[in-house]
Amino acid sequence: MSVERLPAGHYDTVWASPGRVNLIGEHTDYNDGFVLPFALPHRTVVGGRRLDGPTWTVTSEGYDEPVTFGPGEKVEGWAAYVAGVVWALREAGHDVPGAELFVTSDVPSGAGLSSSAAIECAVMAVLLDLAGIDVPMAVRPRLAQRAENEYVGAPTGIMDQSASTLGREGHALFLDCRSLATEQVPFDLAAQGLAILVVDSKAPHAHVSGEYAARRRSCEEAAKILNVAALRDVTDLDEALTRLDDEVMRKRVRHVVTENQRVLDTVDALRAGGAREIGPLMTASHESMRDDYEITVPQVDTAVNAALAAGAHGARMTGGGFGGCVLALVDADRCDAVEAAVREAFTEAGFTPPDAFVVTPAEGTHKLS
């Protein structure tokens, strides 16, 4: 995203925050588990100019009309992610100045690439900069998550905001969602002749949904029955499953527990320089999301199956589910062939043609000017 897209010389400060993909670890974050996302080259850029008085006006190049709000006002729609950040910062005791904000982004909306976290984290950086307030980067994801959970009303975990804020070029972010401890894990696929191909299935994806919330409730109820603080604490899966009478709940628990282990195994493989070894783990993750967590849709299943048939080392849906994107680990010289196979499969199934692009880990929240 180019700074030139913003009106020249109008803003006091300009910050960027990226979208993210999750390499592995889906629906583990709100279960105090482990995740392994990385930041995308696609990013949201926000310019800000300080105003006198406690009002905020935000304009997005994707929408015709600016939105203006004051403290305590409830904002709906896309601007709620901006108003939520103002609210969360003020709730945390930070004196956020009034501001004029302009938002531009090339993070695909509704694709499961966390466009919401990108705007939250970029807006937060701009507001803190305008205020001259030093909030450590490691603290910001929790504030942005609160904006999304309590103001917007989306029951997401902390992974998206962490990846958008703390991502590092050439690395995946290993995050313990309980302690919030992080490790930057080297993820240089090009050196091993590999690439990550992202396939946007074009099946709509939304976090503010009953299905997402229902799965979170099911996990919380299971943790109570199993007398653990969170499903991350289940150490004997077979024994735990015998204590759960509801088959749906058993499936949800099986996914979370096995997915946590797949994250740990993926991190071990990457630490050892064995990127190809993560392919089967990615595929097993998708099968678990499809069969146990039941969050895939025909478009993403078709993309995974077509990519694997075309020679991908592994493939999985990324994001909250019910649409969104698929990641395929492929030989770098096979990207075009795998993309063509997925497109052909979509045509045969009568689906809307997908988008596909290669991604590499990019930098998290950073100042542009």
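Being a predicted model, the structure only gives us computed values, none of them experimental.
- Cluster membership check: L51 does not share its hydrophobic cluster with L89, using side-chain heavy-atom separations under 4.5 Å among Ile, Leu, Val, Met, Phe, Trp and Tyr.
- Of the possible polar contacts, none joining the R146 side chain to the A88 backbone as a donor-acceptor pair under 3.5 Å is found.
- Judged by distance alone, the side chains of S17 and W15 never bring a donor and an acceptor atom under 3.5 Å apart.
- Environment of CD in E247: crowded, with over 12 heavy atoms of neighbouring residues, nucleotides or ligands closer than 6.0 Å.
- The heavy-atom pair separating Q192 from A275 by the smallest distance is OE1-N, 3.3 Å.
- Salt bridge annotation for R254-D292: present, with a cationic side-chain nitrogen under 4.0 angstrom from a carboxylate oxygen.
- By the neighbour-count criterion of 12 heavy atoms within 6.0 Å, atom CG of D236 is densely surrounded, having more than that number from other residues, nucleotides or ligands.
- With hydrogens and angles disregarded, a donor-acceptor distance shorter than 3.5 Å links the side chain of T318 to the backbone of N22.
- Note on M159: it does not cluster hydrophobically with L281, by side-chain heavy-atom contacts below 4.5 Å among ILVMFWY residues.
- One finds the CZ atom of R216 at 7.5 Å from the CG atom of D29 (value rounded to the nearest 0.5 Å).
- For the atom pair CG of N31 and CG of L231, the computed distance is 4.5 Å after rounding to the nearest 0.5 Å.
- Using a 30° and 60° split on the angle between ring planes, H255 and H27 fall in the perpendicular class, above 60°.
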Apply salt bridge (Lys or Arg N to Asp or Glu O under 4.0 Å) to R217 and E220, showing your working.
-> CA-CA 5 Å; R217 285 194 303 270; E220 291 168 350; over 6 Å; no
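- Side-chain contact between L237 and T258: present, with at least one pair of heavy atoms (C-beta onward) separated by less than 4.5 Å.
- Between R178 and D32 there is a salt bridge, since at least one side-chain N of the basic residue sits less than 4.0 Å from a carboxylate O of the acidic one.
- Using modelled atom types, one side-chain atom of D246 and one backbone atom of V248 make a donor-acceptor pair closer than 3.5 Å.
- Looking only at atom types and distance, the side chain of D188 has no donor-acceptor partner in the side chain of H171 under 3.5 Å away.
- Within the 4.5 Å cutoff, the side chain of V67 has heavy atoms near those of the V75 side chain.
- Taken to the nearest 0.5 Å, the NE2 atom of H286 stands 6.0 Å off from the CZ atom of R290.
- Within the 4.5 Å cutoff, no side-chain heavy atoms of R168 are placed close to those of P361.
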Applying side-chain hydrogen bond (donor to acceptor under 3.5 Å, both in side chains), run through E148 and Q161 and close with a yes or a no.
-> CA-CA 10 Å; E148 188 149 351; Q161 293 84 1; 3.2 Å; yes
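- Contact of the I158 side chain with the L175 side chain is registered, since non-hydrogen atoms from C-beta on lie closer than 4.5 Å.
- Here the closest non-hydrogen pair linking A310 and R334 is O-NH2, 2.7 Å.
- Using a cut-off of 4.0 Å between Lys/Arg side-chain N and Asp/Glu carboxylate O, E211 and R215 are scored as salt-bridged.
- Heavy-atom minimum distance, S114 versus V107: C-CG1, 4.4 Å.
- The ring of F187 has its center no closer than 6.0 angstrom to the ring center of F174.
- Between H10 and F102, the distance from one ring center to the other does not fall under 6.0 angstrom.
- Under the 3.5 Å distance criterion, the side-chain polar atoms of R50 are left unmatched by any main-chain donor or acceptor of G98.
- Rounding to the nearest 0.5 angstrom, the gap separating the OG atom in S162 from the CZ atom in R142 is 8.0 Å.
- Residue E169 places its CD atom among 12 or fewer non-hydrogen atoms of other residues, nucleotides or ligands, all under 6.0 Å distant.
- A heavy-atom distance below 4.5 Å is found between the side chains of Y293 and C219.
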List the steps, then state whether side chain to side chain contact (heavy atoms under 4.5 Å, CB included) holds for V14 with V46.
-> CA-CA 6 Å; V14 180; V46 177; over 6 Å; no
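- Heavy atoms only, all atoms of each residue included: V135 and R140 are closest at O-NE, 2.8 Å.
- Minimum interatomic distance between V234 and A240 (heavy atoms only, all atoms of both residues): CG1-CB, 3.8 Å.
- In terms of hydrophobic clustering, with Ile, Leu, Val, Met, Phe, Trp and Tyr side chains grouped at heavy-atom distances under 4.5 Å, I295 and V35 are assigned to different clusters.
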Worked check of side chain to side chain contact (heavy atoms under 4.5 Å, CB included) between V199 and D355 | CA-CA 6 Å; V199 178; D355 285 339; over 6 Å; no
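- With D336 contributing its side chain and E339 its backbone, the two residues share no donor-acceptor pair below 3.5 Å.
- Stacking of K74 on the aromatic ring of Y151 is recorded, both the 6.0 Å distance cut-off and the 45° axial limit being met.
- Judged purely by atom type and a 3.5 angstrom limit, T365 uses its side chain to pair as donor or acceptor with the backbone of S164.
- V126 and F69 fall within the same hydrophobic cluster, defined by Ile, Leu, Val, Met, Phe, Trp and Tyr side-chain heavy atoms under 4.5 Å apart, directly or through other members.
- Between D129 and K367 there is a salt bridge, with a side-chain nitrogen of the basic residue lying less than 4.0 Å from a carboxylate oxygen of the acidic one.
- When side chains are defined from C-beta on, W56 does not count as touching V82, because their heavy atoms never get closer than 4.5 Å.
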From CA spacing to verdict: side chain to side chain contact (heavy atoms under 4.5 Å, CB included), T104, T44 = CA-CA 6 Å; T104 180; T44 294; over 6 Å; no
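- More than 12 heavy atoms of other residues, nucleotides or ligands lie within 6.0 Å of CG in D12, so this atom counts as buried by the packing criterion.
- The environment of D333 atom CG is dense: over 12 non-hydrogen atoms of other residues, nucleotides or ligands sit within 6.0 angstrom.
- With a 4.5 Å cut-off on side-chain heavy atoms, I278 and L23 count as touching.
- Side chains of H366 and R43: a donor-acceptor N/O pair is present below 3.5 angstrom, by distance only.
- Under the 4.5 Å side-chain contact rule for hydrophobic residues, V139 and L180 do not share a cluster.
- Here the CG-OG distance, from D265 to S285, works out to 12.0 Å after rounding to the nearest 0.5 Å.
- Residue T296 holds its OG1 atom at 11.0 Å from CD of E287, rounded to the nearest 0.5 Å.
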Walk me through it: do K251 and D291 pass the test salt bridge (Lys or Arg N to Asp or Glu O under 4.0 Å)?
-> CA-CA 8 Å; K251 292 166 72 172; D291 299 336; over 6 Å; no
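- Not counting sequence neighbours, the partners of E259 by the salt bridge (charged side-chain N to carboxylate O under 4.0 Å, His left out) test are R262, R316.
- At distances below 3.5 Å, at least one donor-acceptor pair connects side-chain atoms of R250 with backbone N or O atoms of L241.
- At a threshold of 4.5 Å between non-hydrogen side-chain atoms, the residues E150 and W87 count as touching.
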Begin with the C-alpha distance, continue with both residues' side-chain angles, and end with the deciding distance and a verdict on side chain to side chain contact (heavy atoms under 4.5 Å, CB included) for V152 and Y81.
-> CA-CA 7 Å; V152 178; Y81 295 100; 3.8 Å; yes
